[in-house]
Amino acid sequence: MGKNDNPLIVQSDKTLLLDVHAPRADECRNALIPFAELERSPEHLHTYRLTPLSLWNAASAGFTSQQAIDVLEDFSRYTVPQAVSAWIYSTAERFGKLRLVPGFTKDVEQNGSIIKEEYLYLVSTSAAVYKEISVNQTMQKLLVPCTYQGQDDSVKLTEDEKRFCFFLNITDRGTIKQDLLKIGWPVKDDVPLVDGEPLEFSLREQTLSKLPFEIRDYQKTAAEVLIGDRGPGTGFGTIVLPCGAGKTIVGMELMSLLQTNTLIVTTNISAVHQWIDELIDKTTLTRGDIAEYTGENKDIKPVTVATYQILTWRPDKVGPYPHFSLFRSRQWGLIIYDEVHMLPAPVFRVVAELQSVRRVGLTATLVREDGCEGYVFSLVGPKRFDVPWKELEKDKWIASAECIEVRLGMTGEEEIEYAVATTREKHKISSQNPLKIQVVKELIERCPDDKILVIGQYLTQLNEIAREINAPIITGKTPTQERDRIYSQFREGKIPVLVVSKVANFAIDLPDASMAIQVSGTFGSRQEEAQRLGRILRPKERTSRFFTLISRNTVEEDFGSNRQKFLAEQGYSYRIIRYNGKESFDEIFMTNALEYGEKK
């Protein structure tokens, strides 16, 4: 096989074109994951881009610039432009040019008393970098030029680092990292972390229901990479694993390795209850060791599970956040940010102060539609570990999945209403196309053996679907106790079909769901697509199916390319069918008749 058969075209503007039909295309896609970002994924050529953040994430995990260039040269159909190689070297080398290292304490008089203030050193290997930061007005407010005077023998500095040095107040540790990233200088944080209060417990070999429980190899590796048994291990960072791959288990393994008081922050009360149930089921922790900190209960114990919502609540729009005190209420040794891509902006403020605590972000995708991936990188920590979704599927750790977009027409009257509507109304009209209800009913009828989730955004539409198919519905207004009861009945097989709003996007474990029908959504969000697909990826014998219903020739169709980005990045095929009645589904179900157990 010659060079002309290679799947990758590397362009001088730092975009990478992947020919999905070429030999080694799948191998190339997996090789690009550590250091390149997917931008577009139409049928034949997928576009990736090299960005500073993607290279710094790679560098923080020990992936070198030379390894990135080797990947490009191995898979490229043509010669890799010299300018691209040079840019990769110079950009990746920025990581490590600035380091935070332990500093000193100083007695300061405050209100007639002497208190000790802690300071850190920010050191550089480069005179030019040192000068650039010295003249930056933002940096001048937080950094003081100095000569290194540290006495800590464990800190190994070069002579240049001792000369090109600043000191800063330890409370500005996170803010400095965040601000320096904005001007293109990622900081390598080498300041030791503070141990929390100890907490002794162990993982069970059997769950409470007597089922065997064993940590999978990749889950163990993810935890060990973070704390240093394998890989760079700084004690902080982000772990990226698909929904269904057991991110909660990784969190519990980290807790077990560290044996310390732990604060877990997640997306909603149902997710809080699931974390607590999992901890009791799979560890020797008792209910007396674990507290729930939510709008309903505000207890604090050695392991406390809270919601982002309660942390970001405040009595008025300009006042303080009263529940931020939770972060300082105990000597936490570990903070777990579940679904870290959802970390709300106000929480970033307190996260910036909590730089001395071991911390991990768990997520299926680091994509943030607000562009704040850099905040996660600086404040929670860079990506330390991920596994391609298809690799876990191949090893049977997550279900195989088929993604199908069903395009439906609208009546003449609906088309006229759509044509004269505002942009916002167009989305609502196309999303609530009445034909979608008929298609939902037909899909459910064809799949009597599946456990099905009907997912959408508009409550009027979802309530109508629930009535038509006689299924329970969960929305943001469903009381927590009722919500947990319905989820439990779905898991036990007592409810075959469940209608859910976007409240089920995150951190909900419905292991036996084998089919999802998406009737409406934001449709431009890779985040949302990852989470909704993840609802059906728990391991099972049958192939899972993910249907998305959209109205033809509308804004829903325009969003299609955005929606496909994440799926294509993970290696999933994406089929589009045009709905023209029940016969439109014949090809889907008969093609996979043996696999799905369907009969003609």
Side-chain angles (χ1 to χ4, degrees), residues 399-411 414 430-475 486-487 489-501 504 508 510-521 523 532-538 540-552 556 572-600:
S400 57
E402 184 181 20
C403 304
I404 305 145
E405 182 178 293
V406 183
R407 297 187 175 180
L408 305 84
M410 296 195 296
T411 65
E414 290 161 355
S430 56
S431 294
Q432 298 192 96
N433 182 347
L435 185 55
K436 291 185 179 183
I437 298 176
Q438 179 182 324
V439 173
V440 168
K441 292 165 74 173
E442 290 177 10
L443 287 171
I444 292 172
E445 184 181 324
R446 282 179 177 261
C447 307
D449 297 326
D450 277 287
K451 297 181 77 171
I452 301 171
L453 295 174
V454 181
I455 309 173
Q457 177 174 349
Y458 294 101
L459 299 187
T460 302
Q461 177 190 40
L462 294 177
N463 282 315
E464 186 175 356
I465 290 173
R467 285 193 301 271
E468 288 284 336
I469 64 175
N470 193 29
I473 180 171
I474 291 177
T475 71
I486 295 173
Y487 282 143
Q489 288 186 333
F490 184 84
R491 293 187 195 100
E492 294 167 3
K494 297 176 182 177
I495 297 173
V497 183
L498 178 58
V499 180
V500 291
S501 72
I508 297 301
L510 300 171
D512 294 325
S514 57
M515 179 170 155
I517 307 171
Q518 184 175 210
V519 295
S520 57
F523 287 139
R532 290 186 170 183
L533 175 60
R535 301 283 73 79
I536 58 172
L537 287 185
R538 269 61 179 181
K540 56 185 71 69
E541 292 300 319
R542 63 200 300 120
T543 295
S544 294
R545 285 166 288 183
F546 182 47
F547 287 92
T548 300
L549 312 186
I550 70 167
S551 298
R552 288 198 299 266
E556 283 193 306
Y572 287 101
S573 60
Y574 193 94
R575 286 204 287 153
I576 298 174
I577 66 170
R578 187 183 178 99
Y579 178 77
N580 293 307
K582 291 187 177 184
E583 65 279 1
S584 303
F585 297 124
D586 289 346
E587 181 183 353
I588 295 172
F589 292 107
M590 291 313 300
T591 299
N592 301 286
L594 293 177
E595 189 173 3
Y596 295 150
E598 301 287 343
K599 297 179 181 178
K600 190 168 181 180

Spacing of CG belonging to N463 relative to CZ belonging to R467, to within rounding of 0.5 Å: 6.0 Å
Might you point out which heavy atoms bring L462 and V500 nearest each other, and give the distance in Å? CD1-O, 3.8 Å
Side chain proximity check, Y579 to L435, heavy atoms < 4.5 angstrom: yes
Can you tell me how far the CG atom of N433 sits from the CD atom of Q438, to the nearest 0.5 Å? 10.0 Å
Hey, is the main chain of K494 close enough, under 3.5 Å, to the side chain of Q489 for a donor-acceptor pair? no
To the nearest 0.5 Å, how far apart are CD1 in I576 and CZ in R552? 12.0 Å
Heavy-atom closest pair, residues K436 and S431: NZ-O, 3.0 Å
Write down the atom of V499, the atom of A471, and the distance for their closest heavy-atom approach. CG2-CB, 4.2 Å
Considering all heavy atoms, the nearest P472-L498 contact: O-CD1, 3.6 Å
Backbone N or O of E405 within a donor-acceptor pair of the T548 side chain at under 3.5 Å? no
State the CD1-CZ distance between I517 and R545, to the nearest 0.5 angstrom. 9.5 Å
Full working for side-chain contact (heavy atoms from CB on, under 4.5 Å) between S520 and Q432: CA-CA 7 Å; S520 57; Q432 298 192 96; over 6 Å; no
At what distance, to the nearest 0.5 angstrom, does CE of M515 lie from CG of L443? 4.5 Å
Can you tell me how far CD1 of I577 sits from CG of L408, rounded to the nearest 0.5 angstrom? 9.0 Å
Tightest non-hydrogen contact, residues I452 and F490, listed as O-CE1, 3.7 Å
Decide side-chain contact (heavy atoms from CB on, under 4.5 Å) for S551 and E414; before the verdict, give the C-alpha distance in whole Å, the side-chain angles of both, and the deciding distance to 0.1 Å. CA-CA 11 Å; S551 298; E414 290 161 355; over 6 Å; no
Could you tell me which non-hydrogen atom of S430 sits nearest to which non-hydrogen atom of M410, and how far apart they are? CA-SD, 4.5 Å
